[in-house]
Number of protein chains: 2
Amino acid sequence: MDSINIKQLAERLNLSTSTVSRAFRGHSDINKETKEKILAMARELNYQPNHMASNLRDKKSRTIAVIVPEIANNFFSRAINGVERVARDNGYHLQIYLTNDDFEREVSFMSQLHNGRVEGIIMSVTGEANDHSYMHKLRKKSIPLVFFDRTYDDVKASKVSTNDYESSFSATKHLIDRGCSRIVYLVVNKNLSIGKMRMQGYKDALEAAGLPFVENLVIDCSNELGKNLDILGRVFSAIRPDGVFASVERLAIASYYVCHNMNLKIGNDIRIICFSSLEIASLLNPALSTITQPAYDMGMEAANILFRRLNSENNDDIIEHVVLESELVIRQSTLGS
Amino acid sequence: MDSINIKQLAERLNLSTSTVSRAFRGHSDINKETKEKILAMARELNYQPNHMASNLRDKKSRTIAVIVPEIANNFFSRAINGVERVARDNGYHLQIYLTNDDFEREVSFMSQLHNGRVEGIIMSVTGEANDHSYMHKLRKKSIPLVFFDRTYDDVKASKVSTNDYESSFSATKHLIDRGCSRIVYLVVNKNLSIGKMRMQGYKDALEAAGLPFVENLVIDCSNELGKNLDILGRVFSAIRPDGVFASVERLAIASYYVCHNMNLKIGNDIRIICFSSLEIASLLNPALSTITQPAYDMGMEAANILFRRLNSENNDDIIEHVVLESELVIRQSTLGS
DNA sequence: TTGTACGCGTTATCAG
DNA sequence: CTGATAACGCGTACAA
């Protein structure tokens, strides 16, 4: 009933465990006939080598981990999709860990994973704290780490990002070109390096157009829809912005709800653009202008970097930094009708 | 530099490995002072028990697997979210496997997982084949399996589903009540049991209203957007349906694109409703009427069933079948304006 | 309270 | 070509 092991299989065949083992691993000479006999019997008894034992033996778990803030999110789920693709191609298994933007959890996950459970980690950080020393400590254990999208700049590791600064600059410039002069910048976490990069693009685009940067137009938001509706409701009433640049998708979504409530005509009264991986942006009412990140490719690229490292003979901890390009897609929400 | 093991740690402390081991595992009496000394040193050297070894020792991997067709999909990503929540609460790790609706891959994953790598499996099937004998074979190994949403009826395992039949009946009835008489039913895979259940609800609602069931109004679609646009473009031109009941979200999305192209006014010329887990259904143009499945809860429930089984002392293979309720949310796409 | 010794299931090495 | 043996790192009887 329960799993059979190599010893029992060997007994059934009147062979030694070593011979049976050889039948499964490619190398080591073995008689063709006996090999076939072994494999046949294995199939019949549904035997497969126990992974925990093999892993212990050669210190390889053939598993990698992905740590992300959330999964019910277009960007991250597509990125994971990309990672999975590469992991599978390499014959690796994939474990996922969700931090829900909880720094404690991030630390806990990272610590747990340094036990031989996984051979490498791909991660998009919470950014909820400034003390990343725990990471430096762990980094010494030399298990490869690759950041994507949301990174800690003070941690020495490979990174996959997009051209956030340029995209933000273009998006903001686009709003300005469409006649916006009071553009709010919506952000969840200003500590994140990508938050900073994106804001810098926004700032510089304003400056380039001779518009002042106003601290009040930078709006700190949340990850909870309810809170965001409150915040944005107040802001839109008080400031009456004519442009909205949302650094993440959910803030644009919240803006849509608020505008619908306030009877603001998106695209005319107020123009909205955001970073987003939403496939159906063009089906929204009105169609949403987006900066679309290549989520799937980012996941693939992060995984490729990781496996390049895992498959390399030498243990040089080569740091790679790959930048992929986002695409600015203009739709009704910034054009109007 | 590399990971330290229990032996080395013991040496540093002039203790035996057993004592050190005891410091980590709760039971077995141990001097409080020595325990603290050990833990302190462990922290300093960043020691953590090797999981592969522990797992081999007590034959527990503390890992479960989720096998789903895809992850870049609102329904599945939320379901995984629910599973993760429960897994984490139970101190378990989570591995994910994506079949991309490829039956071969499903078989391959299932086989690989019966090596002690995971203790249980949660799965939503591809439904691409009719021969599930491979599963029966594996089932004998008695590693717990829980299906959710998409199941194989001929496999004896616990299941979490929604009231597909009733929802479909109500949705179809709603379309009829709104005056539709030529309602197409869009489906990707008629082999799937949920495909059948949903279609039966559709059929029975037609009959209850005295409308004929027309074979031609059941449209076989695909998972690829391009193909669906072709198929639906042809169908909408030829049949001129006044109602669309899409068994999955992506088919409603494709319908939207086609209607926009053909200048059909959704909600008036043609009413659309579908199964969907799209958060922002109300922001679409027009707002999409949906049958919303409790994806997150389904994932949680599936995981709860699995852990109830894993944590139970006796190995009785109790089969549970939980049915959660979907919610019918009427919006503009079936109301018109 | 602590130490000794064995086994979990594999596989590489070394003999034969 | 095949068999015996040791070792991967840990945890637990059992002994002290």
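A note on names: the letters A, B, ... follow the listed sequences, proteins ahead of strands, and every chain is numbered from 1.
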Q) Per the end-axis method with five pairs at each terminus, what is the bend angle of the helix from dT1(C)-dA16(D) to dG16(C)-dC1(D), to 10°? A)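 Taking the rotation axis at each end, their angle is 40°.
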Residues forming a side-chain contact (heavy atoms from CB on, under 4.5 Å) with [X], sequence neighbours excluded:
X	answer
N90(A)	V86(A), Y92(A), F307(A), N311(A)
K35(B)	A23(B), I30(B), L39(B)
S108(A)	Q112(A)

Q: For atom CZ of R105(B), decide whether the heavy atoms of other residues, nucleotides or ligands shown that lie under 6.0 angstrom number more than 12.
A: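 It does: R105(B) CZ has more than 12 such atoms within range.
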Q.
If the threshold is 4.0 Å, N to carboxylate O, is there a salt bridge linking E320(B) and K159(B)?
A.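 So E320(B) does not pair with K159(B) through a salt bridge.
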Q.
Under 4.0 Å, heavy atom to any atom of DNA chain D: which of residues 32-40 of chain B qualify?
A.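 Under 4.0 Å from DNA chain D: no residue of residues 32-40 of chain B.
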(Q) What is the distance, to the nearest angstrom, from the CD atom on E11(B) to the C1' atom on dG9(D)? (A)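 So the CD-C1' distance, E11(B) to dG9(D), works out to 14 Å.
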Q: Specify the separation, in whole Å, of atom CD1 of I6(A) and atom P of dT2(D).
A: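 After rounding, the gap between these two atoms is 14 Å.
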Contacts table for residues 66-76 of chain B: side-chain donor-acceptor under 3.5 angstrom, sequence neighbours left out:
{"residue": "E70(B)", "atom": "OE1", "partner": "R250(B)", "partner atom": "NH2", "Å": "3.1"}
{"residue": "E70(B)", "atom": "OE2", "partner": "N73(B)", "partner atom": "ND2", "Å": "3.0"}
{"residue": "E70(B)", "atom": "OE2", "partner": "R250(B)", "partner atom": "NH1", "Å": "3.3"}
{"residue": "E70(B)", "atom": "OE2", "partner": "R250(B)", "partner atom": "NH2", "Å": "3.0"}
{"residue": "N73(B)", "atom": "OD1", "partner": "F75(B)", "partner atom": "N", "Å": "2.8"}
{"residue": "N73(B)", "atom": "OD1", "partner": "F76(B)", "partner atom": "N", "Å": "3.1"}
{"residue": "N74(B)", "atom": "ND2", "partner": "E249(B)", "partner atom": "OE2", "Å": "2.9"}

Q) Nearest to the side chain of K59(B) - dT2(D), dT10(C), dC8(C)? A)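 Nearest listed nucleotide: dC8(C).
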Q. To the side chain of N5(A), which of dT10(C), dC10(D), dG11(D) is closest?
A.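 Of the options given, the side chain of N5(A) lies nearest dT10(C).
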For [X], side chain to side chain donor-acceptor pair (under 3.5 Å) partners two or more places apart:
X	answer
Y296(B)	none
R62(B)	none
D297(B)	none
D102(B)	none

(Q) Using a heavy-atom cut-off of 4.0 Å across all strands, would you classify S21(B) as base, sugar-phosphate, or nothing? (A)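 It contacts base atoms.
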Anything under 3.5 Å between a donor and an acceptor, one on a side chain of residues 7-14 of chain B, the other on a protein residue two or more places apart or in another chain? List them.
{"residue": "Q8(B)", "atom": "OE1", "partner": "N5(B)", "partner atom": "N", "Å": "3.3"}

For nucleotides 3-6 of chain C, list the nitrogen or oxygen atoms of the protein found under 3.5 Å from its nitrogen or oxygen atoms, one pair per line.
{"residue": "dG3(C)", "atom": "OP2", "partner": "S16(B)", "partner atom": "N", "Å": "3.0"}
{"residue": "dG3(C)", "atom": "OP2", "partner": "S16(B)", "partner atom": "OG", "Å": "3.2"}
{"residue": "dG3(C)", "atom": "OP2", "partner": "T19(B)", "partner atom": "OG1", "Å": "2.5"}
{"residue": "dG3(C)", "atom": "N7", "partner": "R22(B)", "partner atom": "NH2", "Å": "2.7"}
{"residue": "dG3(C)", "atom": "O6", "partner": "R22(B)", "partner atom": "NH1", "Å": "3.3"}
{"residue": "dG3(C)", "atom": "O6", "partner": "R22(B)", "partner atom": "NH2", "Å": "3.4"}
{"residue": "dT4(C)", "atom": "O4", "partner": "S18(B)", "partner atom": "OG", "Å": "3.1"}

Q.
Below the 4.0 Å mark, does dG9(D) have OP1 or OP2 next to a side-chain nitrogen or oxygen of Y47(B)?
A.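 Y47(B) to dG9(D) OP1/OP2: no side-chain N or O under 4.0 Å.
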